[in-house]
Structure formats: structure tokens, C-alpha cells
Amino acid sequence: MNQQHPQQQPPSGAPQQTGWGAPPAQPPKKRSAGKKVGFGCLGVLAFFLLVGIVSGGSDDSGSGKSGNNASGAKRAAQVPHYKVVKQDKTGNKRNVVVEVGTTKNLRGVFNAVTKSLTDEAGYYVMINCSTGGTKSVDNRLANGQYAIGSMGAATTGLKDGSTEFSTNKGQTCPVSQAEETRRDTDKQAALKAAGIPPEPTGAKRAELLRALAAANPDIVKYEGKAIDAARNQCSAINGDATNVNRLASSRFTYRDVTTTEAQGKQINQALKGLGFCKI
């Protein structure tokens with residue numbers, strides 16, 4: 001007589017084995033190390049991109065409060081020239097008067113000035129344009145406050161180490177005659193370094209236009225563009241550029257004027273013959 005034996009069960013808590021009536025456990029799927037690294041790098045990259053966008057999108061040129069002056073260090077290379085013309089050395093409330101020659105990056109100027117302040121006090125920083133004011137009225141561009149210590153906090157109403165800064169919108173800073181001269185000198189030096197002669201006037205201008213018209217009469221329909229093209233062509237001639245005839249053809253082709261390479265060659269010969277490109 002055949003007796004049926006009950007199916008044996010695995011011991012409680014023991015891992016199931018093949019043959020105990022349950023399918024074998026599947027080994028865990030292995031993840032690709034490359035995918036881990038790839039997604040990890042993408043996550044880190046996305047984080048830094050987000051930080052960069054947020055940081056780059058902030059503008060401290062207007063009004064606002066700040067807990068520190070760290071932003072000034074980032075703009076140190078861009079801070080325009082400034083001069084502290086007055087600074088109180090004593091007292092709980094101290095005024096600092098600064099003069100600048102531009103309206104650019106006034107926040108950077110403010111940060112640079114406050115970075116040099118160390119005594120415990122409440123500082124009131126006034127940034128004026130060096131021009132455009134009168135003996136009695138400053139050309140005020142911006143105002144700021146800076147608190148150092150408990151006394152500075154009490155004086156300004158700010159927390160210790162905090163700043164407050166605002167610009168006077170609509171204010172301009174006229175360029176002084178000395179500044180205009182300096183800028184013009186720098187511009188001429190840059191043009192000379194690039195091999196570009198100054199713009200001709202009077203008889204030299206007329207002589208140049210006649211020489212250009214001899215190569216292509218249409219060129220001088222637009223005298224200003226013809227003069228500019230001639231000056232720029234000198235940079236190629238003085239720089240020993242290749243394909244100078246093709247460059248001349250391109251430079252002297254504008255609006256409804258077309259200049260061929262053959263005409264470009266004539267232009268180059270005329271510029272050299274006149275000595276126009278000598279600087």
C-alpha cells in the first residue's frame with residue numbers, strides 16, 4: 001500500500017532552496033557603473049549650473065541689504081577708479097565721501113570702500129560724480145550704510161556686518177575734459193597698434209577720395225564708408241595679410257557698390273602710393 005508522505009517544509013527562517021517547492025531566488029540586477037557615474041556627474045553639473053544662474057542673475061547695482069561684502073571680491077577686477085575725498089575718523093556715526101568718474105559698478109566701489117573700514121561704528125558712504133556738481137550741491141550717484149559692531153548696528157539700524165546700498169536712478173556722470181583727452185589718446189594708441197591710420201581731413205581726405213574713385217567711381221558715392229574702408233584696409237596692408245586684394249574687394253563692397261579683386265588691387269596700390277597707411 002502506497003502511503004503519501006506530506007511535503008516537507010523548509011525550516012523556519014531558512015533560505016529557500018531549489019527542490020523545496022519554491023522557485024529559486026533571482027540574483028539582484030546589477031546596475032551599470034557607467035550609468036551611476038553618468039547620472040552622478042549630471043546631477044553635480046546641474047547643481048553648479050543652477051548655482052551659477054542664480055548667482056549671475058543677481059544685480060547689486062540698485063537698492064538692497066546684504067549680510068556681508070563677499071560680492072565685492074568677485075568684482076574687484078571690474079571696480080572703476082575711485083577716490084575717498086573725506087572720511088571721518090572718530091565718532092559712532094562716520095561719513096565717507098567718495099568720488100568716481102562713471103556710473104558703472106557703483107556697488108563694486110561701495111564694497112571696495114567698506115572692505116577697508118575696520119573701526120566699530122556706523123558708516124554712511126556717499127558716492128558722488130567728480131563732475132556735474134556745484135560747490136553747494138553734489139552730483140550724488142549712490143548712498144550706502146555699513147554697520148560694524150553693536151554700536152554700528154545701533155547707529156544704522158542694520159545687523160553687525162550688514163550693508164544697505166542704493167543708487168540714484170537717472171543720475172549721470174559727465175565726462176571731464178581731462179577724461180575725454182585720456183580716452184582719445186588711448187583710442188588713437190589702439191588704432192596705431194592695429195595698423196589703422198587716423199581719419200584724414202582737408203586736402204588729404206580729398207586726395208584719398210580721388211585715388212579711390214580712380215579704381216572704382218562708385219566707391220565714393222558714400223564718402224564716409226569709403227574712408228572707413230580705406231583705414232581698415234591699411235590694417236591688412238601693414239599687417240602683411242594674405243589675399244589683400246580679396247580683402248579690399250570685400251571691404252569696398254557695400255550697399256549698391258560692388259568692387260572686384262582687380263579693383264581691389266588698384267586700391268591697394270593707391271593706398272601704398274599715397275603713403276596713406278604709414279603710421
Side-chain angles (χ1 to χ4, degrees), residues 56 59 61 75-83 99-106 108-109 129-133 139 141 169-279:
D59 181 6
S61 61
R75 296 173 173 82
Q78 302 174 7
V79 174
H81 174 75
Y82 67 89
K83 181 180 180 181
E99 285 189 352
V100 295
T102 178
T103 58
K104 294 181 180 179
N105 197 8
L106 297 176
V109 173
C129 176
S130 58
T131 61
N139 185 3
L141 301 177
K169 294 183 179 180
Q171 288 295 98
T172 59
C173 193
V175 179
S176 65
Q177 184 61 47
E179 180 64 15
E180 285 185 353
T181 301
R182 185 192 66 78
R183 291 182 182 181
D184 185 64
T185 300
D186 291 346
K187 179 182 178 181
Q188 294 304 323
L191 290 173
K192 184 176 181 179
I196 299 176
E199 184 173 350
T201 58
K204 288 187 176 180
R205 178 186 176 92
E207 182 182 43
L208 175 61
L209 290 173
R210 285 196 299 270
L212 295 176
N216 182 358
D218 289 342
I219 286 176
V220 296
K221 288 197 298 185
Y222 310 103
E223 292 185 1
K225 294 189 73 66
I227 296 295
D228 288 343
R231 295 175 67 205
N232 288 325
Q233 183 61 17
C234 286
S235 66
I237 293 173
N238 290 330
D240 295 325
T242 57
N243 298 320
V244 288
N245 297 337
R246 184 181 301 173
L247 287 173
S249 169
S250 176
R251 282 198 172 100
F252 287 90
T253 295
Y254 39 74
R255 296 186 184 177
D256 58 342
V257 177
T258 300
T259 300
T260 65
E261 284 195 38
Q263 292 170 325
K265 182 178 181 179
Q266 288 181 271
I267 291 172
N268 288 327
Q269 291 172 343
L271 294 175
K272 293 177 181 178
L274 291 174
F276 177 70
C277 294
K278 292 182 179 180
I279 53 175

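Every heavy atom of this structure was used, including side-chain atoms; hydrogens, water molecules and symmetry mates were not.
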Name every donor-acceptor pair, under 3.5 Å, that has one atom in a side chain of residues 184-203 and the other anywhere in the protein, sequence neighbours excluded.
residue : atom : partner : partner atom : Å
Thr185  : OG1  : Thr181  : O            : 2.9
Asp186  : OD2  : Arg182  : NH1          : 2.8

Review point. What distance separates Leu247 CG from Ile237 CD1, expressed to the nearest 0.5 Å?
Key: 9.5 Å
Check your understanding: Got Lys225 and Val257 here, is their nearest side-chain heavy-atom distance under 4.5 Å?
Key -> no
Exercise for review: To the nearest 0.5 angstrom, please state how far the SG atom of Cys277 sits from the CG atom of Leu271.
Suggested key: 4.5 Å
Check your understanding: Does Glu261 reach the side chain of Lys265, with side-chain heavy atoms less than 4.5 Å apart?
Key -> no
All N/O donor-acceptor pairs, side-chain side in residues 205-220, below 3.5 Å, sequence neighbours left out:
residue : atom : partner : partner atom : Å
Asn216  : OD1  : Asp218  : N            : 3.2
Asn216  : ND2  : Thr258  : O            : 3.2
Asn216  : ND2  : Thr259  : OG1          : 3.2

Between side-chain atoms of residues 239-246 and protein atoms elsewhere (two or more places apart, or another chain), which donor-acceptor pairs fall under 3.5 Å?
residue : atom : partner : partner atom : Å
Asn245  : OD1  : Asn268  : ND2          : 2.9

Practice item. Please lay out, stage by stage, how Arg183 and Glu180 fare under the test side-chain contact (heavy atoms from CB on, under 4.5 Å). Key: CA-CA 5 Å; Arg183 291 182 182 181; Glu180 285 185 353; 5.8 Å; no
Practice item. Look up atom CD in Gln263 and atom CZ in Phe252, then write down how far apart they are to the nearest 0.5 Å. Key: 11.0 Å
Point to revise | Spacing of CG belonging to Leu106 relative to OH belonging to Tyr82, to within rounding of 0.5 Å | key: 13.0 Å
Review point. Do you know which two heavy atoms are closest between Asn139 and Pro174, and how far apart they sit?
Key: ND2-CD, 4.0 Å
Practice item. To the nearest 0.5 Å, tell me how far Glu99 CD sits from Leu141 CG. Key: 10.0 Å
Check your understanding: Where is the tightest heavy-atom contact between Val79 and Gly108, given as atom of each residue plus distance?
Key -> CG2-O, 3.7 Å
Review point. Between CZ of Arg255 and NZ of Lys221, what distance do you get to the nearest 0.5 Å?
Key: 10.0 Å
